[in-house]
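Proteins get letters first, then strands, A, B, ... in listed order; numbering begins at 1 in each. In this text the structure is predicted, and so the values were computed from the model without any measurement.
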Amino acid sequence: MLELAKIRSDKEEVILRLKVKNFHNAEEIVDKIIVLDEQKRKLQKELEEQKAQMNLKSKEIGQFMAQNLKDKAEESKQDVAQIKEKTKELESLLKDKEEELQKTLLIVPNLPHVSVTKGKSAEDNEVVFQSSELPKLTSNSLAHWDLCQKYDIIDFELGNKITGSGFPVYKGKGAKLQRALINFFLDNAYASGFNEMQVPIMVNEQSAIATGQLPDKDSQMYFAPLDNFYLIPTAEVPLTNIYRDEIVKQDSLPLKLCGYTPCFRREAGSYGKDVRGLNRLHQFDKVEIVCIDTPEHSYAQLEFMKEHVASLLQKLELPYRILRLCGGDMSFTSALTFDFETFSAGQNRWLEVSSVSNFETFQSNRLKLRFKNSDGKTQLAHTLNGSALALPRIVATLLENNQTENGIKIPKVLVPYTGFEIIN
RNA sequence: GGAGAGAUGGGUGAGUGGCUGAAACCAACAGUUUGCUAAACUGUCGUACCUCUAACGGGUACCGGGGGUUCGAAUCCCCCUCUCUCCGCCA
């Protein structure tokens, strides 16, 4: 959620940057917020003045009663009754304004960082890095879904039976490969200074609102209505919510967390070849990294996170590229996002395996996550997160790019984790 | 699932109608003392919003959440949520 103070003080800039994100009716909505805010404050002032009077009178009554001056007390009671009617009216008006203001604020996306270009869709993203060599496969090479079947390591049909499409069963070396990757990612995150957490994979409504999944992505999350819990679409939600309603000390920053969780996404509206095999699942595994930092350091931290993610892909010997997302392709909550994609040789296409973002104060404003700065003042912190990494597409690329006549070769760094060098 | 107890500031915990935004202690921070550490002493020590001033300031709200009674609620009443204990069930 944008900070009201920012909208108030830099209205024109806010509108301009919202347009970079292709947010429609930016002027209208911003104007509406400013008017609502003004009206709200006016009402609030009036109401508080009335209440101040009421409090004064009430105290007076107390004193009169103590002195046994019943007449005077009765007189004051009459006064209060009058004031009270007024406050009731003002109260309901104020409540309406506040609700409307809040509702409007919640639908406004985060402002993109000044470096973000407008752009309409994923096609306008800027490639900021690309591995020099892309793998070439022989003509009889297979896509990963065929390889999974050939070596019997991931069974999509079986998942259909147990749950439904998008819930594969990992078997034998396929299951071990999952476990290996999770441990590999966690160990590397730890080496980069991220503190490992094991968190709930269901969250309450408040948590989902605080990190911005609600109300924006309501239909994309699985929901358990009996308890009003949401299955997490990413570990970002529980990890970041650890610090909801917290005021941390500046010298404890940056806070760096990581965690492995399964992730659940309904992916309503997806179809076609994009969802084939491991490309898009309803349940998948991911190691997430989360940072909480000061506004001054958050962009340096973002760079650090990018380097961490890049190092993982390098160690796994996977060809990758880094995209700076344009305004049109960025998420609702993000100020600056870099996507990492690996090149999947069997499908001859790039697959997104990580997204690293700075949310600035957009989440912390909802989370009420603040820090005490060196002046002793509380200030909203910046939150950042990134996948490091999401497993399915890494597995897809690994399988496709490393296929040989004798089987699928496991990257060297993973062998200590898998305990085998080849899937055959 | 059944029965009971509870929810107060960073923590422990007092507070059953006005003198309580909230005692006391601990923690934290600043200072004094000190060869160092420790101890002792002094002071500071919630959050949000509104408003004013150059600045000190003033106001409102918040004692799990919502509603009610009352001139006045942390305190009384109702509803909800959550936590804990015991029993049952169980990984």
Take atom [atom1] in [N] and the same atom in [M], then report the distance between them in whole Å.
N     : M     : atom1 : value
B:U8  : B:C25 : C1'   : 16 Å
B:G72 : B:A61 : C1'   : 16 Å
B:G64 : B:G15 : P     : 16 Å
B:U33 : B:A38 : C1'   : 13 Å

### Query
When the ring planes of A:F223 and A:Y230 are compared, do they come out parallel, tilted or perpendicular, using 30° and 60° as the limits?
tilted
How is [X] classified with respect to the nucleic acid when contacts are heavy atoms under 4.0 Å: base, sugar-phosphate, or nothing?
X      : answer
A:K42  : nothing
A:N55  : sugar-phosphate
A:K51  : sugar-phosphate
A:I247 : sugar-phosphate

### Task
With side chain to side chain contact (heavy atoms under 4.5 Å, CB included) as the test, would you mind laying out the steps for A:Q283 and A:C263 before giving the verdict?
CA-CA 5 Å; A:Q283 178 183 333; A:C263 301; over 6 Å; no
Check the phosphate of [N] against [X], side-chain N and O only, distance under 4.0 Å to OP1 or OP2. Yes or no?
X      : N     : answer
A:K372 : B:U47 : yes
A:K77  : B:U70 : no
A:R370 : B:U47 : no

Whole-Å distance separating the [atom1] atom of [X] from the [atom2] atom of [N]:
X      : N     : atom1 : atom2 : answer
A:K40  : B:A48 : NZ    : C1'   : 10 Å
A:E246 : B:G9  : CD    : C1'   : 14 Å
A:Q53  : B:C71 : CD    : P     : 18 Å
A:I83  : B:G72 : CD1   : P     : 11 Å
A:E98  : B:C50 : CD    : P     : 11 Å
A:E205 : B:G65 : CD    : P     : 17 Å
A:E60  : B:G18 : CD    : P     : 18 Å
A:E49  : B:C52 : CD    : P     : 11 Å

### Message
For A:S76, run the side chain to side chain donor-acceptor pair (under 3.5 Å) check against A:K59, A:K57, A:E60 and tell me which one passes.
### Response
A:E60
### Message
Checking side chain to side chain donor-acceptor pair (under 3.5 Å) between A:Q178 and each of A:N183, A:T418, A:D285, which is the one that passes?
### Response
A:D285
### Task
Could you pick out which residue, A:S76 or A:L47, lies toward the 5' side of RNA chain B when each is mapped onto its nearest nucleotide?
A:L47
### Summary
On RNA chain B, more 5' by nearest nucleotide between A:K45 and A:K249 is A:K249
### Task
Examine the side chains of A:E400 and A:H144 and answer whether a donor and an acceptor come within less than 3.5 Å of each other.
yes
Counting only side-chain heavy atoms from C-beta out, which of [options] sits nearest to [X]?
X      : options             : answer
A:M65  : B:C71, B:G67, B:C50 : B:C71
A:A52  : B:U60, B:C50, B:G18 : B:U60
A:T378 : B:G72, B:U51, B:U47 : B:U47

#### Entry: Worked check of ring-ring contact (aromatic ring centres under 6.0 Å, His included) between A:F167 and A:F156
CA-CA 7 Å; A:F167 293 89; A:F156 295 97; over 10 Å; no
### Message
My understanding is that a pair needs two contacts under 3.5 Å, Watson-Crick or G-U wobble. By that rule, which nucleotide pairs with B:C82?
### Response
B:G6
### Message
Any strand counts, and the cut-off is 3.5 Å on both contacts for Watson-Crick or G-U wobble. Which nucleotide pairs with B:U32?
### Response
B:A40
### Query
Should the pair A:K173 and A:F420 be classed as cation-pi, given the thresholds of under 6.0 Å to the six-membered ring centre and 45° from the axis?
yes
Which protein N or O atoms sit under 3.5 Å from an N or O of nucleotides 81-84 of chain B?
none

